[in-house]
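The structure appears right after this line, and notes come after that.
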Amino acid sequence: MARNKTYPDFDAAVADIPDGAVIAIGGFAGPGTPYNLIAALARRGAKRLTCIANTTGGAHKPRMPDIGMLVENGQVAKVICSFTAATRASDVLPFTKYYESGEVEAEIVPQGTLAERLRAAGAGIPAFYTPTAVGTELAEGRETREINGRRYLLEYALPVDFAFIRAARADSTGNLRFHRSQRNFNPLMAMAAKTTIVEVEEDILPAGAIDADDVHTMGLVVHRLIRVPPPPMGLWTRKREVAR
Amino acid sequence: MARNKTYPDFDAAVADIPDGAVIAIGGFAGPGTPYNLIAALARRGAKRLTCIANTTGGAHKPRMPDIGMLVENGQVAKVICSFTAATRASDVLPFTKYYESGEVEAEIVPQGTLAERLRAAGAGIPAFYTPTAVGTELAEGRETREINGRRYLLEYALPVDFAFIRAARADSTGNLRFHRSQRNFNPLMAMAAKTTIVEVEEDILPAGAIDADDVHTMGLVVHRLIRVPPPPMGLWTRKREVAR
Amino acid sequence: MSWTRMQMAERLVREFQDGWVVNLGVGMPTMIADVPMGDRDIIFHAENGVIGYGAVCAPGTEDLNLVNAGGQNVVLNPGASIVHHADSFALIRGGRMDVTVMGAYEVAANGDFANWKLKGAKGGGIGGAMDLAASAQRVFIMLEHRTRDGASRLLPRCSLPITAAGVVTLVVTDLGLFAPLGEGFALRDLAPGVTLEEVRAATACPIIA
Amino acid sequence: MSWTRMQMAERLVREFQDGWVVNLGVGMPTMIADVPMGDRDIIFHAENGVIGYGAVCAPGTEDLNLVNAGGQNVVLNPGASIVHHADSFALIRGGRMDVTVMGAYEVAANGDFANWKLKGAKGGGIGGAMDLAASAQRVFIMLEHRTRDGASRLLPRCSLPITAAGVVTLVVTDLGLFAPLGEGFALRDLAPGVTLEEVRAATACPIIA
């Protein structure tokens with residue numbers, strides 16, 4: 001377990017991502033979002049990507065690196081997410097116009113189904129049934145099944161090539177800890193991915209520094225770690241640091 | 001979150017378990033096994049139970065309270081487990097003869113499928129596909145499906161009335177911590193059960209004493225807590241304490 | 001006279017029972033966490049895996065890595081716990097939410113409601129709404145009784161794509177509290193100064209008083 | 001002459017590659033954790049959710065709440081982590097085991113093997129064997145070449161109910177190391193002092209040398 005998975009910088013960590021890759025990007029409303037890895041992927045310029053995330057990015061200012069930015073950069077073929085538009089008509093997401101015009105494809109998935117499809121991919125479960133979305137437009141033409149008197153929709157696993165995630169703390173073997181709601185999709189995406197790349201907010205600890213009972217994501221599914229440089233050198237370590 | 005879920009003793013905690021209940025019992029090779037709750041259920045005497053556990057109990061001495069004991073007590077109609085017999089022919093489980101003679105029904109389930117069926121029950125997933133057991137006697141006559149060129153078996157969720165589990169530490173709201181391999185099936189059974197009853201090895205802590213990031217099983221799915229009295233008053237706090 | 005949004009929140013909170021687990025959607029429902037619960041022990045669950053959160057933080061006291069479903073920085077109550085998204089939605093689909101409170105564009109007498117896609121849009125914003133609507137024990141909807149153009153948001157059937165079918169338990173609007181009854185809504189409570197006739201005039205389906 | 005059980009374990013360990021995640025079944029395979037790995041970095045996974053364990057504890061140093069799949073009290077190596085059973089088998093089904101090493105009653109030239117149910121028994125002991133066999137990247141089997149009655153445990157087809165179909169990668173016995181080839185086994189290595197003729201005489205299907 002002694003292998004050190006630390007990478008020197010964000011660009012090195014994404015240097016082998018090919019055109020056409022499936023990238024899952026963690027985060028929910030800020031916490032746990034791997035801003036530095038998204039920015040590195042924009043610099044790398046890989047194209048025809050499929051991006052999986054809860055949203056394509058917010059309508060907030062200042063703008064943070066997000067999927068919308070990769071879309072504007074011409075790198076994205078398809079997005080799988082639970083929002084292609086904001087629910088409030090007054091909030092306009094940068095992504096929405098690309099989707100509405102047909103420039104980028106999108107698959108809109110209920111958030112719990114998105115989480116469960118990622119979990120299934122990581123768990124070797126190719127498909128499962130869920131009550132979510134039954135009777136809605138999303139279920140039209142799709143396979144359903146009645147089990148114990150209730151109708152369920154068949155959903156398939158969502159395997160991932162590269163997961164981009166952000167954690168509070170890591171040891172050199174890749175064991176991770178998240179702080180508070182930073183956890184969100186991140187553990188699932190790490191489980192679902194062939195290669196998991198993590199930006200870490202604190203210095204990377206020696207193996208064993210995180211007690212075995214306290215690990216949120218096991219190093220077994222984590223491949224590359226990059227320390228987020230402390231401000232002011234670091235980019236986007238926290239929303240506030242950008243907003244200042 | 002201030003509700004105190006502490007019960008005075010094991011008998012009070014199982015006093016409402018009716019005949020015919022489905023009981024899931026945690027533990028793997030000792031750690032995490034709720035010996036005191038099993039003993040209380042034997043005293044309670046509820047009948048026609050369905051018991052879900054990895055095993056029905058070991059062939060070891062001294063004998064610990066186990067499902068085999070409930071079977072000998074005439075309380076069990078059916079067992080769902082991954083072992084009805086030991087794999088070594090020389091180890092004879094007390095349960096095996098009851099099953100071989102037809103006195104008690106058994107459903108033998110691969111351990112990972114057992115875990116996933118419990119997880120599914122807790123997660124509102126009524127059924128899922130798994131590669132496990134395809135092509136074996138266990139799949140005979142059952143529904144399979146080819147997905148992306150591989151064949152999978154359909155498995156159903158396993159809902160539970162009462163989960164018996166054992167934890168190292170709890171707060172009064174039912175948040176739990178397990179120590180090392182004590183975790184095993186316990187978090188899944190708590191999620192799958194209508195009522196979760198926990199024997200706790202340490203004094204029950206005030207709400208908030210376990211940091212939110214350090215909770216293994218959330219109090220939301222935990223209903224009753226009983227402190228295992230410290231030896232010599234307590235029963236079976238650890239194998240060693242019995243063996244001495 | 002009618003209810004303000006805070007009064008709508010307060011009216012719904014009167015329906016909460018001791019011990020309930022409550023999920024609050026984005027928008028108007030987030031106000032509910034600020035309403036005093038008296039001696040009732042209520043646990044708030046946010047879809048992003050935060051169990052047992054409380055009020056929005058005072059400025060300067062925020063933990064920037066802790067947000068509720070609406071992205072607000074909130075405090076944790078004693079006994080709080082954090083889980084990942086799959087476990088969070090396991091609790092939702094597993095039926096552990098006693099109630100979910102959501103905003104909506106439309107709600108129908110047959111218990112359907114719509115809150116994810118606007119007319120003519122290609123996509124929309126589902127978030128956790130479909131999972132919550134399908135599996136919570138009760139679905140409470142908060143919405144203005146009428147659109148800005150004065151059209152009723154309470155309808156015989158939804159005109160927009162629905163979020164879930166036949167799941168709505170209670171609806172609070174600025175005019176009153178309602179329960180879908182199939183062909184119309186039962187009136188459960190009237191906002192002060194609002195008359196039954198005003199409600200009927202504002203509603204596109206029968207109101208059973 | 002032939003290999004002892006420890007030598008069988010050592011022979012299999014020579015096949016391990018640096019960085020592998022290895023799951024060890026109950027019985028003979030547990031010995032593998034005691035074999036020196038040299039400079040190879042090997043992670044042992046136990047089905048009960050223990051990732052990164054090491055040797056069996058010296059008496060008196062045990063943590064009684066920490067066991068491997070065989071119920072032995074083991075130590076944790078630096079970087080170890082603990083997960084619950086669903087996550088442990090998620091890693092297994094998810095293909096994260098580079099190899100699983102299991103005992104067996106029989107192994108067949110077509111890659112089937114049997115290790116859960118004895119002849120004439122109504123039930124058996126599956127444990128995690130079917131999950132591991134179906135989803136590990138490689139399945140290594142350790143078993144005595146012959147039964148106590150001298151019958152071959154390497155067969156054209158299994159006579160007992162199988163654990164998984166067509167999954168076996170390598171088989172180590174007291175006589176040698178073998179790989180199933182469909183109608184027979186390829187001989188990969190011979191125990192010292194054992195001849196090809198002896199192996200052929202002890203085996204109920206062709207041995208391809």
Side-chain angles (χ1 to χ4, degrees), chain A residues 28-32 54-55 58 60 81-89 91 93 95-96 99-102 106 108-116 118-120 122-123 130-138 168 178-188 191 201 216-217 238-241, chain C residues 25-27 46-50 53 62-74 76 80 82-93 95 103-105 112 114-118 120-135 160-167:
Chain A
F28 181 100
N54 188 46
T55 70
H60 306 289
C81 61
S82 79
F83 291 90
T84 62
T87 42
R88 208 190 316 220
D91 288 347
L93 302 182
F95 174 73
T96 305
Y99 175 55
E100 302 269 340
S101 73
I108 185 163
V109 180
Q111 192 172 154
T113 298
L114 185 65
E116 192 66 12
L118 288 162
R119 194 262 168 198
T130 177
T132 301
V134 169
T136 74
E137 181 181 295
L138 263 59
F178 302 95
H179 179 68
R180 303 301 187 228
S181 73
Q182 196 178 55
R183 204 176 317 182
N184 60 71
F185 286 92
N186 285 313
L188 315 175
M191 293 278 285
E201 293 184 347
H216 290 152
T217 289
R238 297 248 165 111
K239 261 189 183 173
R240 174 177 290 172
E241 282 146 15
Chain C
V26 180
E47 63 192 18
N48 58 326
V50 182
Y53 69 90
E62 305 93 342
D63 179 339
L64 295 171
N65 274 321
L66 175 57
V67 297
N68 65 9
Q72 298 168 302
N73 293 114
V74 289
L76 293 182
I82 305 282
V83 297
H84 60 49
H85 250 78
D87 278 350
S88 180
F89 280 86
L91 293 170
I92 291 170
R93 280 189 314 266
Y105 306 134
D112 296 0
N115 76 350
W116 72 278
K117 192 177 191 175
L118 288 163
K122 186 173 171 190
I126 300 177
M130 284 191 183
D131 306 278
L132 283 156
S135 297
L160 295 169
I162 65 171
T163 304
V167 298

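Below, read A as the first sequence line, B as the second, and so on, with proteins coming before strands; counting in each chain starts at 1.
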Q: With sequence neighbours excluded, tell me which residues meet ring pair (Phe, Tyr, Trp, His ring centres under 6.0 Å) with C:Y53.
A: C:F44
Q. Considering residues at least two apart in sequence or located in another chain, which fulfil the side chain to side chain donor-acceptor pair (under 3.5 Å) criterion with C:N115?
A. C:T163
Quick check on [X] against chain C: is it the side chain, the backbone, both or neither that has a heavy atom closer than 4.5 Å?
X      : value
A:E116 : side chain
A:A106 : neither
A:P131 : both
A:L114 : neither
A:T113 : both

Q.
By the definition side chain to side chain contact (heavy atoms under 4.5 Å, CB included), identify the one residue from A:T130, A:T136, A:L138 that meets it with A:P110.
A. A:L138
Considering only heavy atoms, which portion of [X] lies under 4.5 Å from any heavy atom of chain A: side chain, backbone, both, or neither?
X      : value
C:V83  : backbone
C:L118 : side chain
C:A46  : neither
C:A164 : backbone

Side-chain donor or acceptor of [X] paired with backbone N/O of [Y] under 3.5 Å:
X      : Y      : result
A:E100 : C:K122 : yes
A:H216 : A:F178 : yes
A:R183 : C:G49  : no
C:N73  : C:D63  : yes

Winner by heavy-atom pair count (cut-off under 4.5 Å) against chain A, out of [options]:
options                    : value
C:N48, C:V50, C:L76, C:N68 : C:N48
C:A114, C:P161, C:G127     : C:G127
C:G123, C:G124, C:G27      : C:G124
C:G166, C:A133, C:A69      : C:A69

Q.
Can you tell me how the ring of A:F185 sits relative to the ring of C:H85, calling it parallel under 30°, perpendicular over 60° and tilted otherwise?
A. parallel
Q: Hey, could you give me the CG/CZ distance between C:D87 and A:R119, rounded to the nearest 0.5 Å?
A: 8.5 Å
Q.
Below 4.5 Å, heavy-atom pairs only: which of A:G32, A:A168, A:C81, A:A115 has the largest tally toward chain C?
A. A:A115
